[in-house]
Amino acid sequence: MFYFLFLFVIATLIGCTDSNKMGNDTDNNKQVTINETGFPIVDEQITIEMVGQKNPIQAEWKDMSIIQEYEEMTNIHIEWETPSGDGYTERFNLLLASGDYPDAFFGGAISTADQMKYGSEGIFLPLEDLIEEYAPNFSKLLEENPDLRRNITTPDGHIYALPTVIDVPRDLTGPKLWINKKWIDEAGLDMPKTVEDLYQILKAFHEKDSEIIPVGSSGLDDIKYGLMGAFGYLGNNNLNVINDEVVFVPAMDNYKEFLKFMHKLYSEGLLDQETFTQDAQQLNAKGQNMRLGLFMDAGAFLKVPEEESWDYVALPPLTSSINDKLMWPSTSGVIQGTFALTDKIQNPEAAMRWVDYFYSEEGSVFIGTTGGGIEGEDWEWTDETKTSWKQIIPEGKSMAEANAERTPAAGTFVPHYMSKECP
């Protein structure tokens with residue numbers, strides 16, 4: 001009798017342990033009827049667990065006004081786990097390796113290799129049927145742009161993750177290098193055309209004030225992305241195809257010249273001496289204190305105070321002794337792997353309807369930083385023809401701070417459609 005009682009206790013404990021795993025809470029993920037159109041998506045509230053990559057500048061996603069408003073609209077509560085960008089990859093791998101993964105990943109930057117790996121293992125769900133039946137906005141994008149479907153379809157013929165789709169010309173160049181034009185003017189210099197010109201400007205910044213960091217970076221990949229074009233190479237991958245041949249980029253003369261230039265900046269104190277030890281948040285703090293002469297971001301106002309950001313201009317493409325062509329990296333307009341469903345999800349139809357709204361023009365404005373949020377509360381039209389708008393910025397806050405409190409799109413690539421037609 002004692003033996004059977006012992007087995008019963010052990011089985012009960014195991015059952016209790018498993019029920020606490022992410023994605024296994026069947027009470028929260030109960031199956032419900034999905035409304036085919038409009039809001040709410042479900043009449044009886046459900047909870048979906050999601051993991052996303054939080055930018056250090058952002059508020060907690062659960063506290064963002066857009067997230068809270070969308071829960072009211074949809075009747076879907078999201079239980080968020082949002083490790084920071086520096087710890088996200090480690091957490092992502094740990095969750096999937098342990099089997100304790102969420103219902104979905106949102107804003108997760110899932111690589112094609114990971115989509116294939118976890119899709120083939122049955123962890124990531126193929127999304128084609130769900131898209132066709134429950135995602136009219138994203139289906140429309142696929143119909144209008146066949147290249148988009150090819151871009152996000154893995155070699156096994158499935159779509160395991162939805163992307164960010166960018167249709168705004170200025171954003172197709174990705175993040176930009178921003179340089180303080182006011183300080184250039186004060187030094188009596190012109191905007192640079194070559195890397196040697198840039199070097200002279202950075203020296204002038206350093207001589208202007210010892211507290212100024214001429215080039216701010218976290219990990220060097222950001223600056224590398226922007227400056228490699230001057231040395232005849234676009235991108236920051238180690239492998240590239242040149243004249244139909246695969247080459248190892250670090251072995252190229254172009255790359256060696258780039259490294260020589262960066263070593264020169266670092267050895268002379270022109271490149272941040274904490275480049276390889278600081279995170280994005282620490283770099284942003286230096287920007288807020290107006291210590292950065294040159295840095296990379298989607299907009300200058302994301303690094304420096306908004307009132308000072310107008311002193312910064314985008315650095316133009318440069319040339320060097322090894323390259324005389326003006327080159328700058330651009331993107332395809334498709335950022336892969338920003339939304340995926342796992343086999344833990346109890347209501348994949350509701351989740352697909354939930355994310356599909358962000359691929360409409362209305363939903364893009366709602367979640368995006370262009371406009372951003374609720375009309376009349378977060379942004380407003382400034383003319384009767386509705387051709388121009390302005391954001392409503394709370395007193396005492398910058399635009400970057402306001403956006404970072406509203407939406408995860410301020411600093412994270414989230415699944416949505418960035419249209420040139422949106423405000």
Side-chain angles (χ1 to χ4, degrees), residues 57 170 173-231 257-258 260-276 278 280-321 323-324 326-329 390-391 393 396-403:
I57 69 172
R170 72 171 183 271
T173 58
K176 302 170 183 62
L177 286 171
W178 299 93
I179 192 166
N180 194 306
K181 179 65 164 57
K182 180 180 178 181
W183 294 350
I184 294 176
D185 293 341
E186 289 175 349
L189 299 172
D190 297 323
M191 283 292 289
K193 295 181 179 179
T194 68
V195 291
E196 179 58 32
D197 294 341
L198 178 61
Y199 169 71
Q200 296 300 329
I201 288 171
L202 299 177
K203 281 184 60 179
F205 287 174
H206 193 53
E207 293 167 1
K208 169 185 171 65
D209 186 340
S210 61
E211 290 298 308
I212 288 178
I213 299 170
V215 182
S217 175
S218 173
L220 197 62
D221 275 352
D222 49 356
I223 300 300
K224 176 181 177 182
Y225 177 87
L227 279 185
M228 275 298 290
F231 297 90
E257 288 300 315
F258 165 75
K260 289 179 183 178
F261 181 70
M262 298 310 297
H263 178 264
K264 181 179 181 180
L265 298 186
Y266 188 81
S267 62
E268 295 186 20
L270 305 182
L271 174 64
D272 195 335
Q273 301 296 288
E274 296 179 320
T275 288
F276 302 103
Q278 68 186 346
Q281 192 168 9
Q282 292 169 310
L283 181 61
N284 286 345
K286 294 174 180 178
Q288 290 300 313
N289 288 324
M290 285 301 294
R291 296 182 61 199
L292 303 181
L294 175 74
F295 56 84
M296 174 159 276
D297 215 315
F301 64 90
L302 296 172
K303 277 283 194 299
V304 299
E306 184 183 357
E307 60 273 15
E308 308 283 355
S309 67
W310 301 104
D311 292 336
Y312 289 80
V313 298
L315 186 75
L318 305 177
T319 61
S320 67
S321 60
N323 171 60
D324 60 2
L326 297 177
M327 303 171 63
W328 188 265
K390 68 175 182 180
Q391 286 191 284
I393 308 298
K397 292 187 180 296
S398 69
M399 182 185 298
E401 290 171 332
N403 279 330

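Side chains included, hydrogens not; waters and symmetry mates left out as well; all remaining heavy atoms used.
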A.B. asks: Listed by chain and number, what are the side chain to side chain donor-acceptor pair (under 3.5 Å) partners of Lys182, not counting sequence neighbours?
C.D. replies: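 Lys182 satisfies side chain to side chain donor-acceptor pair (under 3.5 Å) with no residue once adjacent residues are dropped.
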A.B. asks: Ignoring hydrogens and angles, write down the donor-acceptor pairs under 3.5 Å from the side chains of residues 200-210, residues two or more places apart or on other chains.
C.D. replies:
residue	atom	partner	partner atom	Å
Gln200	NE2	Glu196	OE2	2.9
Lys208	NZ	Glu186	OE1	2.9
Asp209	OD1	Glu211	N	2.8

A.B. asks: What side-chain donor-acceptor pairs closer than 3.5 Å can you find for residues 302-316, not counting sequence neighbours?
C.D. replies:
residue	atom	partner	partner atom	Å
Lys303	NZ	Asn284	OD1	3.4
Lys303	NZ	Asp297	OD2	2.7
Glu306	OE1	Met399	N	2.9
Ser309	OG	Glu306	O	2.7
Tyr312	OH	Asn180	ND2	3.4
Tyr312	OH	Leu292	O	2.6

A.B. asks: For Gln282, which residues count as a side chain to side chain donor-acceptor pair (under 3.5 Å) partner, sequence neighbours excluded?
C.D. replies: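 For Gln282 there are no side chain to side chain donor-acceptor pair (under 3.5 Å) partners, ignoring immediate neighbours.
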A.B. asks: Under the side chain to side chain donor-acceptor pair (under 3.5 Å) rule, collect the residues that match up with Thr194, sequence neighbours excluded.
C.D. replies: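 Expected list: Asp197.
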A.B. asks: With sequence neighbours left out, what residues match Tyr266 under side chain to side chain donor-acceptor pair (under 3.5 Å)?
C.D. replies: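 Tyr266 satisfies side chain to side chain donor-acceptor pair (under 3.5 Å) with no residue once adjacent residues are dropped.
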A.B. asks: Do the non-hydrogen side-chain atoms of Leu177 and Met296 ever get within less than 4.5 Å of each other?
C.D. replies: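 Side chain of Leu177 against side chain of Met296, heavy atoms only: contact under 4.5 Å found.
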A.B. asks: What I'd like to find out is whether the side chain of Ser217 reaches to under 4.5 Å of the side chain of Asp222, using heavy atoms alone.
C.D. replies: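 Side-chain contact under 4.5 Å: yes.
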A.B. asks: With rounding to the nearest 0.5 Å, note down the distance linking NZ in Lys260 to CZ in Phe231.
C.D. replies: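 Atom-to-atom, Lys260:NZ and Phe231:CZ are 10.5 Å apart.
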A.B. asks: For Thr319, does its backbone N or O pair with a side-chain atom of Asp324 as donor and acceptor, under 3.5 Å?
C.D. replies: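 Here the side-chain-to-backbone pair does not exist.
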A.B. asks: Could you state the interatomic distance from CG (Leu294) to CG (Asp272), rounded to the nearest 0.5 Å?
C.D. replies: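 Atom-to-atom, Leu294:CG and Asp272:CG are 11.5 Å apart.
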A.B. asks: Side chains of Ile213 and Phe295: does their closest heavy-atom pair fall under 4.5 Å?
C.D. replies: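 No, side chains not in contact.
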A.B. asks: Where is the tightest heavy-atom contact between Met228 and Phe258, given as atom of each residue plus distance?
C.D. replies: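 Scanning both residues, the minimum pair turns out to be SD-CG, 3.3 Å.
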A.B. asks: Please give me the minimum heavy-atom distance between Pro192 and Leu198, naming the atom from each residue.
C.D. replies: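 Smallest heavy-atom distance, with atoms named: CB-N, 3.7 Å.
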A.B. asks: Could I get the full list of salt bridge (charged side-chain N to carboxylate O under 4.0 Å, His left out) partners for Lys181, not counting sequence neighbours?
C.D. replies: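 Only Asp185 meet the salt bridge (charged side-chain N to carboxylate O under 4.0 Å, His left out) criterion with Lys181.
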A.B. asks: Give a yes or no answer on whether the side chain of Gln278 reaches the backbone of Phe276 with a donor-acceptor pair at less than 3.5 Å.
C.D. replies: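 Answer holds: no.
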